[in-house]
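Pasting in a structure now, in structure tokens, and then I'll have a few things to ask.
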Amino acid sequence: MESRVQVDLHGKRALVTGGARGLGASIARRLSAAGASVVVADVRKDLAQELCADLMVAGGEARFVELDVCDPAAVARVFRDLDEDGQPLDILVNNAAVDVSKPIEHLTAQEVTRVVTTNLLGPVYLCLEVYRRMVARGGGHIVNILSTASNRTWTEAGPYSASKSGLRAFTHTLFKEAQRDCTGIGVTGVIAGGMETPFIMERFPEADVSMLQSPDVVADTVLYALSAPTGSVVSEVVVVPRKEPSWP
């Protein structure tokens, strides 16, 4: 699907977590096509390297960094390496996420910890590293991928909804602090409805795809947030398929 959003990101460097496949890969492709140099951060080394190769064949600039967002030391190391290479980030997209679809009575502590750490603490770790750097440089943009679960939950979604609700609250706080600290920094929360990606299809192979949207549509929404002119910012945006059952 060809992008309908036009934005010039030449000279910008973007990092996308969970960038190897699904929505993350769609976002990486859109950013690259708009001219950004893309850092694909993921634990899926082979898929991420394949994506980077595709982006470079298409004329883009891309590199892979192996990153588990649950590890704050690993997150800090990535940013130190970027600093040492003279490659500061202009754009951060916190996209990496996991889910465990179980009734609460059957969840284990380990499962809850994995979901909350990946979906909430991981993005917070990345924001802690990048925000102070963006303040020092006088600008940048942080995009946190949220979910309809951050506004309204359903059964078997306890940890996931809790993590996305927490990330939405953190994103709102970060937006307010950016208004105070540095007006050159944009902070956007993208509330995305169901998408036809491995995140859904691997867990629910019988899912009705007519109820889902293409991840490219959500990737275009990220570009739209980045396209806001100086003096404006898209603080939060909702993009759902027309048949989305969990919104509003």
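Along the sequence shown, the residues carry numbers beginning at 1. In this text, all values refer to a predicted model and were calculated from it rather than measured experimentally.
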ask   = According to a 4.5 Å side-chain heavy-atom criterion applied to Ile, Leu, Val, Met, Phe, Trp and Tyr, with indirect links allowed, do V43 and V39 form part of one hydrophobic cluster?
value =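 No, V43 and V39 fall in different hydrophobic clusters.
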ask   = Atom CG of L120 and atom OH of Y160: how far apart are they, to the nearest 0.5 Å?
value =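 Answer rounded to 0.5 Å: 12.5 Å.
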message = Is it the case that the side chain of T188 and the backbone of V234 share a donor-acceptor pair, with hydrogens and angles ignored and the cut-off at 3.5 Å?
response =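 At least one qualifying donor-acceptor pair exists.
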task = Find the distance between CE (M195) and OG (S214) and round it off to the nearest 0.5 Å.
result =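 Rounded to the nearest 0.5 Å, the CE-OG separation comes out at 9.5 Å.
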key: Separation of L174 CG from C127 SG (nearest 0.5 Å)   =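 So the SG of C127 and the CG of L174 are separated by 5.5 Å.
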task = Compare all side-chain heavy atoms of L212 with those of M201 and state whether any distance is below 4.5 angstrom.
result =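 Contact flag for L212/M201 side chains = yes.
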query = Between L51 and R29, is any pair of side-chain heavy atoms under 4.5 Å apart?
reply =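 When only atoms from C-beta onward are counted, R29 and L51 do touch, with a gap below 4.5 Å.
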query = side chain to side chain contact (heavy atoms under 4.5 Å, CB included) between E111 and R114: does it pass, once the steps are laid out?
reply = CA-CA 5 Å; E111 289 169 334; R114 176 171 173 260; 5.8 Å; no
request  = List the atom of V38, the atom of S32, and the distance in Å for their closest heavy-atom pair.
outcome  =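 Nearest pair, atom of V38 first, then S32: CG2-N, 3.8 Å.
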Working for salt bridge (Lys or Arg N to Asp or Glu O under 4.0 Å), residues R203 and E156 = CA-CA 13 Å; R203 291 178 298 132; E156 287 80 52; over 6 Å; no
message = Would you say that F79 contacts V130 through its side chain, given a criterion of any heavy-atom pair below 4.5 Å between the two side chains?
response =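 The answer is yes; the side chains approach within 4.5 Å.
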request  = Calculate, to the nearest 0.5 Å, the distance between atoms CD and CZ belonging to E50 and F64 respectively.
outcome  =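 Result: 12.5 Å between the selected atoms.
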ask   = Do V16 and V40 pass the side chain to side chain contact (heavy atoms under 4.5 Å, CB included) test, and can you show the C-alpha distance, the side-chain angles, and the key distance before you say yes or no?
value = CA-CA 5 Å; V16 183; V40 178; 6.0 Å; no
query = Is the shortest heavy-atom distance from the side chain of K176 to the side chain of T173 under 4.5 Å?
reply =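 No. Closest side-chain heavy atoms not under 4.5 Å.
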key: Heavy-atom check, side chain of I142 versus side chain of M134, under 4.5 Å   =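 The answer is yes; the side chains approach within 4.5 Å.
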Working for salt bridge (Lys or Arg N to Asp or Glu O under 4.0 Å), residues D90 and R137 = CA-CA 9 Å; D90 301 287; R137 295 181 65 218; 3.4 Å; yes
request  = Work out which heavy atom in S165 is nearest to a heavy atom in A149; give both atom names and the distance.
outcome  =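 For S165 and A149, the tightest heavy-atom pair comes out as OG-O, 3.6 Å.
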query = What heavy-atom pair brings F175 and V187 nearest, and what distance separates the two atoms?
reply =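 In this case the closest contact between F175 and V187 is CD1-O, 3.5 Å.
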query = Going only through I, L, V, M, F, W and Y residues with side-chain contacts under 4.5 Å, is there a path from L67 to L128?
reply =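 Shared cluster, yes.
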ask   = About how many Å separate CG of L15 and CD of Q87, when rounded to the nearest 0.5 Å?
value =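 Output value for this atom pair is 11.0 Å.
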query = Does any N or O in the side chain of T17 come within less than 3.5 Å of the main-chain N or O of A96, such that one atom is a donor and the other an acceptor?
reply =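 Judged by distance alone, yes, a pair lies under 3.5 Å.
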key: SB check D42 R21 (cutoff 4.0 Å)   =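 Looking at D42 and R21, the cut-off is not met.
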inquiry  = If you apply the rule side chain to side chain contact (heavy atoms under 4.5 Å, CB included), what do you find for D208 with K243, and how did you get there?
reply    = CA-CA 11 Å; D208 181 357; K243 297 181 181 180; over 6 Å; no
query = So among T221, L223, I145, which one has a side-chain contact (heavy atoms from CB on, under 4.5 Å) with I27?
reply =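 With I27 as partner, side-chain contact (heavy atoms from CB on, under 4.5 Å) holds for just one option, I145.
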request  = Please answer: with hydrophobic residues joined when any side-chain heavy atoms are less than 4.5 Å apart, are I191 and W154 in the same cluster?
outcome  =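 I191 does not cluster with W154.
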inquiry  = Could you check whether any side-chain N or O of Q213 sits under 3.5 Å from a backbone N or O of V239, counting only pairs where one atom can act as donor and the other as acceptor?
reply    =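 A pair under 3.5 Å: yes.
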ask   = Which atoms form the tightest heavy-atom contact between V93 and L31, and what is the distance?
value =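 What the structure gives for the nearest pair is CG2-CD1, 4.4 Å.
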Flag, side chain of S150 to backbone of S147, donor-acceptor distance under 3.5 Å =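 At least one qualifying donor-acceptor pair exists.
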ask   = Below 4.0 angstrom, N of the basic side chain to O of the carboxylate: do R63 and D85 qualify?
value =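 Salt bridge between R63 and D85, a charged N being under 4.0 Å from a carboxylate O: yes.
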query = Short question: side chain of N95, backbone of G18 - any donor-acceptor pair under 3.5 Å?
reply =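 The answer is yes, because a donor-acceptor pair under 3.5 Å joins these two groups.
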query = Do V98 and L47 belong to the same hydrophobic cluster, where Ile, Leu, Val, Met, Phe, Trp and Tyr are linked whenever their side-chain heavy atoms lie under 4.5 Å apart, directly or via other members?
reply =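 Result: no, two separate clusters.
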ask   = Quick one: CG on L23 to CD1 on I200, what's the gap to the nearest 0.5 Å?
value =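 The distance works out to 11.5 Å.
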request  = Evaluate the criterion side chain to side chain contact (heavy atoms under 4.5 Å, CB included) for residue pair V218 and S26; output intermediate values, then yes/no.
outcome  = CA-CA 8 Å; V218 180; S26 290; over 6 Å; no
query = Can you name the closest pair of heavy atoms from A225 and H141 and give their distance?
reply =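 Looking at all heavy atoms of both residues, the closest pair is O-CE1, 3.5 Å.
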key: Minimum side-chain heavy-atom gap L89-R133 below 4.5 Å   =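 Heavy-atom side-chain distance check fails, nothing below 4.5 Å.
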ask   = With a 4.0 Å cut-off, would you call R180 and E177 a salt bridge?
value =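 Salt bridge flag = yes for E177 with R180.
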query = In terms of hydrophobic clustering (I, L, V, M, F, W, Y; side-chain heavy atoms under 4.5 Å; direct or indirect links), are Y125 and V65 co-clustered?
reply =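 Shared cluster, yes.
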query = Given side chains that start at C-beta, do those of F204 and S101 come closer than 4.5 Å, heavy atoms only?
reply =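 SC-SC contact between F204 and S101 confirmed.
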inquiry  = Looking at E244 and G194, would you say the former's side chain and the latter's main chain have a donor-acceptor pair under 3.5 Å?
reply    =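 Yes; at least one donor-acceptor contact below 3.5 Å.
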query = Got N94 and T171 here, is their nearest side-chain heavy-atom distance under 4.5 Å?
reply =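 When only atoms from C-beta onward are counted, T171 and N94 do not touch, as no gap falls below 4.5 Å.
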ask   = How far apart are the closest heavy atoms of A62 and M56, and which atoms are they?
value =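 Nearest pair, atom of A62 first, then M56: O-SD, 3.7 Å.
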message = Could you work out, with side-chain hydrogen bond (donor to acceptor under 3.5 Å, both in side chains) as the rule, every residue matching H10, not counting sequence neighbours?
response =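 Listed in chain order: D8.
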